[in-house]
Amino acid sequence: MYRIAICDDDREYIGELERMIRESNGGRREICFEEYVSGLDLLKKISGGVDILFLDIQMGGLDGNETAQLLREKNFPGVLVQCSGVYNPTPETIVISPYRYLLKQDPREKTLAVLEEIFEEADKQNQCFVLEGYIHKKEILVKVSDILYVRRYRGGGRIYTKTGRERKNAESMLRIQETLEGLEEKLCSFDFAMPHNSYLINLRYIQDFDIEMGTIILDGETLHISRSRKKDFMERMAKYMKMKYRMGRR
């Protein structure tokens with residue numbers, strides 16, 4: 001069951017978007033909708049487990065950007081899509097980091113194409129990756145979308161997730177025996193890249209980066225881009241950003 005939330009103060013648009021989502025889905029997935037008419041309404045009532053959130057940017061009261069920032073602070077796990085009549089990127093864009101933007105005035109065919117990509121991303125995030133790793137010698141199932149980065153550790157790696165628990169308790173850290181190079185090959189299609197020989201990162205969680213300084217901000221932590229990896233990493237990053245902000249163009 002896919003839970004899809006739509007937050008918009010235009011009920012007519014909510015209805016039209018739901019019809020297009022059903023058409024794009026084509027009955028391939030079981031879906032249910034949750035409707036919210038304001039950012040405050042959404043924050044009060046939304047619960048965990050929402051797979052996709054369509055969030056209007058221009059709403060009265062708490063606007064879409066403010067609502068999205070508050071959701072990010074609560075580690076909203078789903079695919080965030082911002083909707084607007086006019087695409088106007090702001091400095092908050094990097095922090096909010098929506099997966100896509102929907103322009104309300106776009107032709108129906110273009111919107112349907114973007115919706116297909118959004119479903120594909122949700123499918124990707126819902127996949128789990130079984131790691132030959134352990135906490136207290138027990139194998140752990142790790143959801144790909146929960147991984148912030150993997151650091152090289154004692155011939156294998158150490159997994160850091162969104163919760164940050166692994167950093168607080170060394171005795172319960174999630175370890176893998178597989179090399180970072182082997183893991184990179186498996187996770188490259190999930191938007192992972194190696195900016196440094198010491199770690200493999202999830203591009204979706206980059207909050208900021210400074211090419212001149214050779215640094216990345218990931219979940220509030222500063223990581224470094226090595227000279228040997230810089231060219232390849234920036235190519236991967238540029239490809240990821242192009243896919244993310246191409247506004248539905250194929």
Side-chain angles (χ1 to χ4, degrees), residues 2 4-5 48-55 64-65 67-83 89-102 114-129 131 142-151 157-167 174 180 183-196 199-211 215-225 229 232-248:
Y2 270 75
I4 299 176
V50 170
D51 297 286
I52 307 172
L53 169 61
F54 293 88
L55 179 62
N65 284 334
T67 303
Q69 288 187 49
L70 291 171
L71 284 170
R72 286 305 190 201
E73 290 173 8
K74 296 180 179 181
N75 293 319
F76 172 70
V79 177
L80 175 61
V81 180
Q82 288 193 307
C83 309
T90 65
E92 292 87 2
T93 297
I94 292 179
V95 177
I96 296 170
S97 191
Y99 174 69
R100 279 286 191 278
Y101 291 93
L102 278 185
V114 177
L115 290 172
E116 287 182 15
E117 294 180 352
I118 291 167
F119 268 122
E120 289 172 3
E121 177 65 14
D123 291 341
K124 183 191 298 184
Q125 290 200 21
N126 278 313
Q127 292 185 55
C128 286
F129 188 73
L131 298 173
V142 180
K143 193 174 181 181
V144 170
S145 59
D146 286 339
I147 299 175
L148 289 170
Y149 68 96
V150 187
R151 184 182 291 274
R158 178 177 174 181
I159 300 293
Y160 293 85
T161 66
K162 290 191 299 183
T163 62
R165 289 192 300 267
E166 294 77 13
R167 303 178 203 181
L174 175 56
L180 257 62
L183 197 59
E184 179 188 25
E185 186 175 348
K186 292 180 178 180
L187 295 182
C188 64
S189 62
F190 292 91
D191 300 323
F192 280 72
M194 286 184 69
H196 194 283
Y199 33 79
L200 175 67
I201 71 169
N202 190 336
L203 296 175
R204 75 179 64 250
Y205 292 119
I206 291 180
Q207 296 171 309
D208 201 357
F209 59 91
D210 188 322
I211 301 304
T215 57
I216 303 165
I217 305 297
L218 192 76
D219 192 40
E221 183 173 354
T222 300
L223 301 178
H224 296 278
I225 306 171
R229 287 274 183 176
D232 180 65
F233 175 73
M234 292 312 300
E235 288 177 354
R236 291 287 304 278
M237 186 67 184
K239 182 179 179 181
Y240 170 74
M241 296 299 286
K242 182 179 179 180
M243 286 289 294
K244 184 174 181 178
Y245 296 113
R246 63 180 175 170
M247 300 295 294

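For this chain, numbers begin at 1 and follow the sequence in order.
Residues meeting the side-chain hydrogen bond (donor to acceptor under 3.5 Å, both in side chains) test with R229, sequence neighbours left out: N197. Under the rule for a ring pair (Phe, Tyr, Trp, His ring centres under 6.0 Å), the partners of Y199 that lie at least two apart in sequence or sit in another chain are H196. Scored by the salt bridge (charged side-chain N to carboxylate O under 4.0 Å, His left out) test, D51 finds no partners at all (sequence neighbours excluded). Scored by the side-chain contact (heavy atoms from CB on, under 4.5 Å) test, T215 finds D210, M213, T222, H224 as partners (sequence neighbours excluded). For A122, the side-chain contact (heavy atoms from CB on, under 4.5 Å) partners are Y2, I52, V79, not counting sequence neighbours. Partners of D123 under the salt bridge (charged side-chain N to carboxylate O under 4.0 Å, His left out) rule, at least two apart in sequence or in another chain, are R29.
Two residues are said to be in side-chain contact when any heavy atoms from C-beta on lie closer than 4.5 Å; L55 and C83 fail this criterion. With a 4.5 Å cut-off on side-chain heavy atoms, V150 and I201 do not count as touching. Residues E235 and F233 form no side-chain contact, since every pair of their non-hydrogen atoms from C-beta on lies 4.5 Å or further apart. Counting heavy atoms from C-beta outward, Y149 and L218 have side chains that approach closer than 4.5 Å. Between V114 and Y101 the shortest side-chain heavy-atom distance does not fall below 4.5 Å. The side-chain heavy atoms of R151 and L223, taken from C-beta on, include a pair separated by under 4.5 Å.
E221 and Y160 are not linked by any side-chain donor-acceptor pair at a separation below 3.5 angstrom, with hydrogens and angles left out of the test.
Without hydrogens or angle criteria, N202 side chain to I147 main chain gives a donor-acceptor distance under 3.5 Å. With hydrogens and angles disregarded, a donor-acceptor distance shorter than 3.5 Å links the side chain of R236 to the backbone of F192.
Closest approach of Q82 and A68 over heavy atoms only: NE2-CB, 4.1 Å.
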Exercise for review: Start with the C-alpha distance between L70 and F76, add both sets of side-chain angles, then the distance that settles side chain to side chain contact (heavy atoms under 4.5 Å, CB included), and finish with yes or no.
Suggested key: CA-CA 9 Å; L70 291 171; F76 172 70; over 6 Å; no
Practice item. I would like to know whether K124 and E117 meet salt bridge (charged side-chain N to carboxylate O under 4.0 Å, His left out); could you show each step before the answer? Key: CA-CA 10 Å; K124 183 191 298 184; E117 294 180 352; over 6 Å; no
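No option in I211, I225, D208 other than I225 meets the side chain to side chain contact (heavy atoms under 4.5 Å, CB included) test with I216.
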